[in-house]
Amino acid sequence: MKQSITLGRVTKFMGLGIFSTLKDLFTGKLEKEDFKNFIRKTIVPLASILLFIGIWHIGAKALYNKEADFKIQKALSDQGQAAADAMEACIASGDVSCKPNTLPSPAQVWDSYKSLLRDHNIIAADKAAFKEKTAVLNEKRIADGLDPITYTGRPSFVDQIFRSLKTVFAGFLLALLIAVPLGIFIGLSPTLKSSFNWFIQIFKPVSPVVWYLLVFMIVKTLLIDSNEDSSFTISFISVGLCSMWATLVNTAMGVSSVDKDYINVAKVLKLGPFQKIFKVVLPSSLPLIFTGLKITLSVAWMVLIAIELLAQSPGLGLFVWEEFQNGANDSNAKIIVAMFVIGIIGFLLDRLMLTIQNWVSFDKTEAI
Amino acid sequence: MAYLELNNIYKNYGQGDSETEVLSNINLSIEEGEFVAIVGFTGSGKTTLVNLINGLIEPTKGEVLFKGKPVSGTSHERGVIFQNYSLLPWLTVEQNVLMAVKEAFPKREKAVWKRKAHYYIEMVGLTPAINKLPKELSGGMRQRVAVARALSMKPDMIIMDEPLGALDALTRGTLQDQILNIWEKDKRTALLITNDVDEGIYMADRIIPLRPGPNATLGPEFKIDIDRPRDKTELNDNENFKQTRNAIIEYLMDIGEERKAKATEEILLPELTPIDFVK
């Protein structure tokens, strides 16, 4: 019998129960008994978000005042009373030239978010126009065997997000391709396990920065003849190497701790080594492998920012760094926007992996 | 020559000081087409004995002969039904059985595999549940899948390790009948390990008690001379049944008493005289 998939089911499955509770509220399906639950699950989180924004606002205000006082005092001691008065007036007017540079308030961050979106729309329109303009020319160039002309303008914030996602998925894929097969081999053979153990123990705690430098040393030399920008290659390889350890360890553990009953079944059915691995060992260790992959993806996303920054590879990390270097009046607010975007995307990636994990797992306790 | 023969089997677990002899001096022979039950207390080494026969473990001393040849490793000739079903939880009923069929008959076509798998699933009455996962089935249904899986490999001998131990009494009764029906169809040699004397008498031609371990060994055998098919309700009034049942239970109880007596001997009471508070 096929069961219909409702929104509630999907959100609950993904660990986003708050959405279905909210939906129940709006559709009037909420029962009286659910009210306590509703307060706990919806009102409390919303209240805590408001509280967080409130504290942030007050804190930002205090920091702003401190910075402003300092500026006025400095003007007073350096240039005298007139300059101090001018500074005070300038700060009060909100002029860009003398704006105290500190933690932006929630409202400023929201404005920056909107301005980044506007910026994206402008760039997107620009891109579309460029494409239209060069369409005929490009067709001709392709027909002549030449490379088409591509848009080389500044990437928008949204472009940077997609670029970062591309890097993180490339790194994740690399981690998956290295760690899962290697983990299976290590899990199956105690000899390999002891020969690889020191390697894992030593390289697991190494910082992303050092991984980046190592990859840089190697890839730089390997791609010495190529004219292409190697920053993407370097950053995704570093991300992959940094994040693969959780998957490696989990896979090895999953493979080496398969339920003895299943191994006995494999023996009694006389499965060959390949059959045994693919039909018994791997399926039974899938839940642990996916736990590893989930950790890998979240680690990959976390180290990505630092590595993009170092590798000068376009993406959110570089965006943050450039904004910091830029020091424009809304740079700080843009950095905070990037921070939230990074956090939210990280959360969504985690949920995505959780969904896949729930989907491939079986309940061990129920199965036997 | 016997179909299955166990000669002076000893099995030890552990090494050095912690080495314990689980089975000692086991001798058993089963003829072709016979249904033998081994009855014993829990923890008496029944599963060890089964694993020795199906080839999952090797004896420390002695030899297991199957059709006159020593057993080394598992074989498709001996089908096993495990105590805890041991179905692969990520495969459906059909896939679990198909896996066994494919291994037992590697050179057949896909359609033949399917037909065979479906035949045995039908035999245990699980056709409606063919696409279900083990977790969606009841305990009795799971064990029926395990029975279908074991039978689908067309083993010459079928070994059952407390197959019904985890089931409730009603399901147990139905499954006993199902297993007997299947067995009677082609009279395969069968070995049943159980902790239920009634089950043994109802199903087997011969019952051998296993004296509890460590150093478990087989006791004297009891022949069950009751015509088949046996009727459970009539069985209770059958003189032969009553006698055999009482004899086996008495034998097992005696062992139990012996064990208890041994256990009490070892407790040394401290020499204490109670203080008299009332003077």
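Order of the sequence lines fixes the chain letters, A, B, ..., with proteins taken first and strands second; residue numbering starts at 1 for each chain. In this text the structure is predicted, and so the values were computed from the model without any measurement.
- Here CD of B/E103 is found 7.0 Å from NZ of A/K279. Values are rounded to the nearest 0.5 Å.
- Atoms CG and CG, from B/N84 and A/D259 in turn, are 8.0 Å apart once rounded to the nearest 0.5 Å.
- Heavy atoms only, all atoms of each residue included: A/V268 and B/M153 are closest at O-CE, 4.4 Å.
- Atoms CG and NZ, on A/L271 and B/K102 in that order, are 11.0 Å from each other to the nearest 0.5 Å.
- Rounding to the nearest 0.5 Å gives a distance of 8.0 Å between OG of B/S152 and CG of A/L269.
- Side-chain contact between B/N51 and A/K267 is absent, with no heavy atoms from C-beta onward closer than 4.5 Å.
- Nearest heavy-atom pair across B/S86 and A/D261 is OG-CB, 3.5 Å.
- Atom CD of B/E58 is surrounded by 12 or fewer heavy atoms from other residues, nucleotides or ligands within 6.0 Å.
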### Query
Which is it for B/M99 and A/V265 under the side chain to side chain contact (heavy atoms under 4.5 Å, CB included) test, yes or no, and what are the steps along the way?
CA-CA 11 Å; B/M99 195 170 163; A/V265 171; 5.7 Å; no
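- Of the inter-residue distances, the one linking A/N264 atom CG with B/F82 atom CZ reads 5.0 Å to the nearest 0.5 angstrom.
- The environment of B/Q15 atom CD is sparse: at most 12 non-hydrogen atoms of other residues, nucleotides or ligands sit within 6.0 angstrom.
- The minimum heavy-atom distance between A/K270 and B/T74, with the atom names listed, is NZ-O, 2.5 Å.
- In plain terms, the two heavy atoms of A/Y262 and B/L88 that are nearest each other are CD2-CD2, 3.8 Å.
- For the atom pair CG (A/L286) and CH2 (B/W90), the distance works out to 9.0 Å, reported to the nearest 0.5 Å.
- No more than 12 heavy atoms of other residues, nucleotides or ligands sit less than 6.0 Å from atom CZ of A/F185.
- By the 6.0 Å contact criterion, NZ on A/K204 is open, its count of non-hydrogen atoms from other residues, nucleotides or ligands being 12 or less.
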